[in-house]
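Structure, as structure tokens:
Just so you know, these numbers come straight off a predicted model, no measurement behind them.
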Amino acid sequence: MLTAFARAFKTPDLRKKLLFTFGIIVLYRLGAHIPVPGVNYENVQQCVKQAQQGNNNLLGLMDMFSGGALLQITIFALGIMPYITASIILQLLTVVIPRLEALKKEGQSGQAKITQYTRYLTVALAILQGTGLVATAKSGALFSGCSVASQIVPDQSIFTIIVMVITMTAGTALVMWLGELVTDRGVGNGMSILMFISIAAGFPGSLWAIKESGKLAKGWIEFGTVILIGFVMVALVVFVEQAQRRIPVQYAKRMIGRRSYGGTSTYIPLKVNQAGVIPVIFASSLLYIPILIVQFAGASTSGWSAWIQQHLVDGKPIHTVIYFFLIVFFAFFYVAISFNPEEVADNMKKYGGFIPGIRAGRPTAEYLSYVLNRITWPGSLYLGLIALVPTMALAGFGGANANFPFGGTSILIIVGVGLETVKQIESQLQQRNYEGFLR
């Protein structure tokens, strides 16, 4: 990886792309520290410190995707999360709505239209999430255990609320634009790069918090253990993310005039983790809903509220079991939606392709479904185990478990984005420094 980056900096056009990407990253991180107008910055900092000490994981997922900007209530507080949500929603709706499915099959023009719909939906979701965040901060529910939580927004007039929501929405639109700039003029996928930076920004603080809260050798043993577990998890994630089942495909020869076409051999790569990080995000979001309901309901003494607060919080056995099975379920659900064996089989039959030993058409689709179901099982179990590492791996270290940075969502995104970015850099290097057989 380091060699690829060093060679890239020696190439003038790639160096410009890398410097442009780094500039966008600096601008993105700068916006993550500029507070929204109408917010008392000192009270926010005081409440953030108390929330970290109390391990308030209510909005931990969204705060991670915003690089810590959500709880700081900055102009980039919503981060890239509205765009991620909009992209997932449109991807799921593509299977349900025939119009979107037709646009998807139109190629580049149809994809441009879907991208436009994604932008509109992102702005709508940003308005919705921004309004919810401002209302939560104004009522004091954002930091329920903080003594000055109700004083985060001193001026609670309607004009101030509207300005705060508009500022956060504009910040989300700016983040979306910065991501598209990186995709067009930089290196890698811009949205993925910004997501990578948001998650990686919290690593140093989490690692140092583990060292400070540790009790063995002034916390250095816990710190070293977390680093070691992190390396093992990265190696495991890289191994599984690169693993794939290659189904051989043979294309028959066709004579057109005096020329022969086809007759080539290729393969269909089916990844073991075909669903990526989406099942972990779905499961985390679904389990946050009951806690959010209890949080907005206030100090409720009802039985259901007490049961949720007792069992559906991080670290509890019932929460762990439900979380694991939800990840497995959503892995199969997302794979069933995103990969259509019938469509793949029809395309192969149209262009004269077939799997050796399998008849074209329906038998090919059934074979692909059979193989996909078999490799989804280890992929879903792998996702579930990776997501539960923060709960299980450091249970013996007490408070260090709360700050464990190598969680399932974060490590999957960081490793996945890192691998894709390095592959793009290496492919561009090969195009510019190709050495043929004749020198």
Heavy-atom neighbours of Q108 CD exceed 12 at 6.0 Å: no

Side chain to side chain, I34 and F76, heavy atoms closer than 4.5 Å: no

Side chain to side chain contact (heavy atoms under 4.5 Å, CB included) assessment of I425 paired with L18: CA-CA 10 Å; I425 293 176; L18 287 173; 4.3 Å; yes

S198 side chain vs G79 backbone, donor-acceptor pair below 3.5 Å: no

Minimal non-hydrogen separation, S338 against Q91, with atom names: CB-NE2, 4.4 Å

Side chains of I278 and F282 in contact at under 4.5 Å (non-hydrogen atoms): yes

Any side-chain donor near an acceptor of the partner, Y120 and Q116, under 3.5 Å: yes

Side chain to side chain, T118 and Y83, heavy atoms closer than 4.5 Å: yes

Side-chain donor or acceptor of Q250 paired with backbone N/O of P356 under 3.5 Å: no

Minimum heavy-atom distance A331-A275, with the two atoms named: O-CB, 4.1 Å

Y370 and Y367 aromatic ring geometry - parallel, tilted or perpendicular at 30°/60° bounds: tilted

Q244 side chain to Y267 side chain, donor-acceptor N/O pair below 3.5 angstrom: no

T364 side chain reached by R359 side chain, heavy atoms, under 4.5 Å: no

Pairwise side-chain contact, F22 with L27, heavy-atom cut-off 4.5 Å (strictly under): no

Shortest non-hydrogen separation from V165 to I127 and the atoms involved: CG1-O, 4.0 Å

T421 side chain vs G418 backbone, donor-acceptor pair below 3.5 Å: no

Within-4.5 Å side-chain heavy-atom neighbours: E180 and R119: yes

Ion pair check, E106 and K113, cut-off under 4.0 Å: no

Distance-minimising heavy-atom pair for I114 and L100: CD1-O, 4.0 Å

Closest non-hydrogen atom pair, G31 against I75: O-CG1, 3.2 Å

T183 to M191 - nearest heavy-atom pair and separation: OG1-N, 4.4 Å

Qualifying residue, where the test is side chain to side chain contact (heavy atoms under 4.5 Å, CB included) with V237 and the options are I414, I411, L419: I411

Note, L383 side chain near N273 side chain (heavy atom, < 4.5 Å): yes

